[in-house]
Number of protein chains: 2
Amino acid sequence: MSRPDRLTKIMQTLQDGRLHTAQELADAFAVSPRTIYRDMDDLMASGLPAKGARGIGYQAQPVTTLPSLHLTDEEIEVLNLGLAIVSEAADPDLRRAATSLGAKLETALPQHATLDAQTWAYAASSFGDSARGLSHMPTLRAAIRAKQKLRITYHSKGDRITSRIIRPLKLEHWARVWVLTAWCETRNDFREFRVDLIQSAQAQPQMFVDEVGKTLDDMPSPQA
Amino acid sequence: MSRPDRLTKIMQTLQDGRLHTAQELADAFAVSPRTIYRDMDDLMASGLPAKGARGIGYQAQPVTTLPSLHLTDEEIEVLNLGLAIVSEAADPDLRRAATSLGAKLETALPQHATLDAQTWAYAASSFGDSARGLSHMPTLRAAIRAKQKLRITYHSKGDRITSRIIRPLKLEHWARVWVLTAWCETRNDFREFRVDLIQSAQAQPQMFVDEVGKTLDDMPSPQA
DNA sequence: GCGCAACTGACAATAACATGTCAGTTCGAT
DNA sequence: ATCGAACTGACATGTTATTGTCAGTTGCGC
């Protein structure tokens with residue numbers, strides 16, 4: 001097995017969340033422990049968030065490798081612009097991810113292409129919760145993909161908070177608001193939810209399958 | 001010189017916009033033309049937008065290489081989210097760049113991490129100009145960096161369109177609106193411009209240097 | 001067509017890299 | 001402190017990748 005192949009395999013192996021000793025990995029790939037130590041050096045140097053304590057072993061959180069890309073200046077601009085917008089999100093998790101992604105890009109790109117703290121400064125916005133809904137995006141998106149039902153609490157008209165079980169179908173960006181299209185099991189009809197008005201979203205254990213009348217294709221198109 | 005080093009140098013060389021023959025490059029790097037042909041194959045295979053016509057030579061548009069990165073799932077999410085938002089911009093150039101960046105990411109990332117046309121569908125927004133101001137962002141940002149004066153036409157209060165020469169200083173994201181802070185030469189004072197109300201922005205040939213009283217540091221902080 | 005220069009394929013020589021061995025060194029547990 | 005296992009540095013050896021040579025092949029201009 002070639003070295004790149006082995007490095008990939010090691011990464012995948014580490015992402016099971018368990019601890020792996022160098023000796024164990026060496027046996028698994030039929031190389032000497034020395035080679036594993038060298039591999040881990042390289043992996044960590046290239047940013048794999050792996051921890052290794054003496055005598056403990058290695059473990060890593062799930063990561064995806066983005067291979068090297070050639071980007072035009074416009075594409076770099078889009079990258080920075082998108083990052084800047086997301087960085088403004090109120091959700092700590094999202095912001096943390098955006099910050100660490102920004103840091104990685106900053107070290108990876110030549111200076112002229114990176115964010116500049118001065119020119120891209122973000123105001124401590126007094127409308128800090130304007131991007132509040134963004135915090136649910138990963139949950140919603142994952143649920144759409146996995147066809148997993150969701151329980152959401154929603155700030156509907158008239159200041160009432162409602163709780164519903166829905167089948168999430170599609171996320172759309174409409175003007176400046178994200179809209180989640182779903183089949184609402186509580187109302188037994190299609191509904192659209194503004195993401196910024198969703199207070200909480202919890203993936204339910206139940207999955208759903210496409211049923212006639214409840215899929216995106218069955219949705220009546222709005223009249224103009 | 002190692003092969004990776006040479007490949008990098010070749011890329012930089014090609015980006016001067018002029019034509020370079022294989023022979024010329026071969027001489028410059030003290031290798032045989034055959035090696036250059038092989039290098040160009042690899043570079044183009046990895047996405048360098050270079051053209052080579054028989055007997056003509058090679059040239060490329062400026063690109064930046066993003067080395068391979070290890071990203072966590074959250075960081076991938078931020079990447080996709082930011083891209084989705086920028087994709088909604090009305091400006092054709094920005095949208096084209098976002099699309100091509102999306103395509104690159106899509107091919108580069110394993111399926112589970114990429115955009116999914118169905119779930120991330122973007123509505124052909126009826127508020128299509130909501131992100132209108134984004135189209136000026138690259139111009140503004142470039143001008144800040146280069147300390148280049150700008151002529152802008154601005155949609156100010158009372159439906160009047162004004163034209164001014166400004167020294168752009170800082171871009172801020174305030175709630176959902178981007179704000180450009182600048183020294184306005186027309187009014188001879190600091191001014192803040194909402195980017196979405198800027199109708200046009202043209203970089204002027206004149207540069208500006210920091211002058212006491214006209215830099216960011218000299219700007220009076222707003223009273224609360 | 002013909003000539004010429006640009007380009008490609010194949011292969012042996014060679015440079016670069018990866019690996020294992022082994023002799024140290026570090027660090028925690030006793 | 002002392003032991004032992006985990007780890008690191010150095011170097012010889014094996015393996016892969018890169019390179020130049022050279023003999024084709026392509027495509028353009030005449």
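Naming convention: chains lettered A, B, ... in sequence-line order (proteins, then strands); numbering from 1 in each chain.
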Participant: Grab the CE-C1' distance between M1(A) and dT19(C) for me, whole Å please.
Facilitator: 15 Å
Participant: Based on the rotation axes of five pairs at each end, what angle does the helix from dG1(C)-dC30(D) to dT30(C)-dA1(D) bend through, to 10°?
Facilitator: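 Angle reported: 40°, given to the nearest ten degrees.
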Participant: Once you round it to whole Å, what is the distance between P of dA6(D) and CG of L25(A)?
Facilitator: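 It is 13 Å, rounded to the nearest whole Å.
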Participant: How many angstroms lie between atom CG of L79(A) and atom CG of L101(A), to the nearest 0.5 angstrom?
Facilitator: 7.0 Å
Participant: May I ask you to test the I76(A)-L105(A) pair for a side-chain heavy-atom distance under 4.5 Å?
Facilitator: no
Participant: Quick one: E24(B) CD to dA5(C) C1', roughly how many Å, whole number?
Facilitator: 16 Å
Participant: Donor-acceptor pair, distance only, cut-off 3.5 Å: does the side chain of T153(B) make one with the backbone of S163(B)?
Facilitator: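 Such a contact is absent between T153(B) side chain and S163(B) backbone.
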Participant: Please report the closest heavy-atom contact between A22(A) and Y37(A), naming both atoms and the distance.
Facilitator: CB-CE2, 3.4 Å
Participant: Determine whether F29(B) and D5(B) satisfy the following criterion, side-chain contact (heavy atoms from CB on, under 4.5 Å), listing intermediate values before the conclusion.
Facilitator: CA-CA 11 Å; F29(B) 295 106; D5(B) 287 351; over 6 Å; no
Participant: How long is the line joining CG of D27(A) and P of dA6(D), in whole Å?
Facilitator: 12 Å
Participant: Provide, to the nearest angstrom, the distance between the CG atom belonging to D5(A) and the P atom belonging to dT16(D).
Facilitator: 12 Å
Participant: Mapping A22(A) and S2(A) to their closest nucleotides on DNA chain D, which lands nearer the 5' end?
Facilitator: A22(A)
Participant: What is the distance, rounded to the nearest whole Å, between atom CG of D42(A) and atom P of dA18(C)?
Facilitator: 8 Å
Participant: Evaluate side-chain contact (heavy atoms from CB on, under 4.5 Å) for I36(B) paired with I10(B), printing each intermediate quantity in order.
Facilitator: CA-CA 9 Å; I36(B) 298 294; I10(B) 289 179; 4.1 Å; yes
Participant: Are there over 12 heavy-atom neighbours, none belonging to Q204(A), within less than 6.0 Å of that residue's CD?
Facilitator: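 Check passes, neighbour count above 12.
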Participant: Is there side-chain contact between R167(A) and Q148(A), with at least one heavy-atom pair below 4.5 Å?
Facilitator: no
Participant: Scan residues 32-41 of chain A against DNA chain C and write down, sorted by residue number, each residue with any heavy atom closer than 4.0 Å; if none is found, say none.
Facilitator: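 Contacting residues: S32(A), R34(A), T35(A), R38(A).
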Participant: Side-chain contact, heavy-atom cut-off 4.5 Å: R6(B) with D39(B)?
Facilitator: yes
Participant: May I have the distance from I10(B) (atom CD1) to dT18(D) (atom P), rounded to whole angstrom?
Facilitator: 13 Å
Participant: Nearest whole Å is fine: how far is dG20(C) C1' from R3(A) CZ?
Facilitator: 14 Å
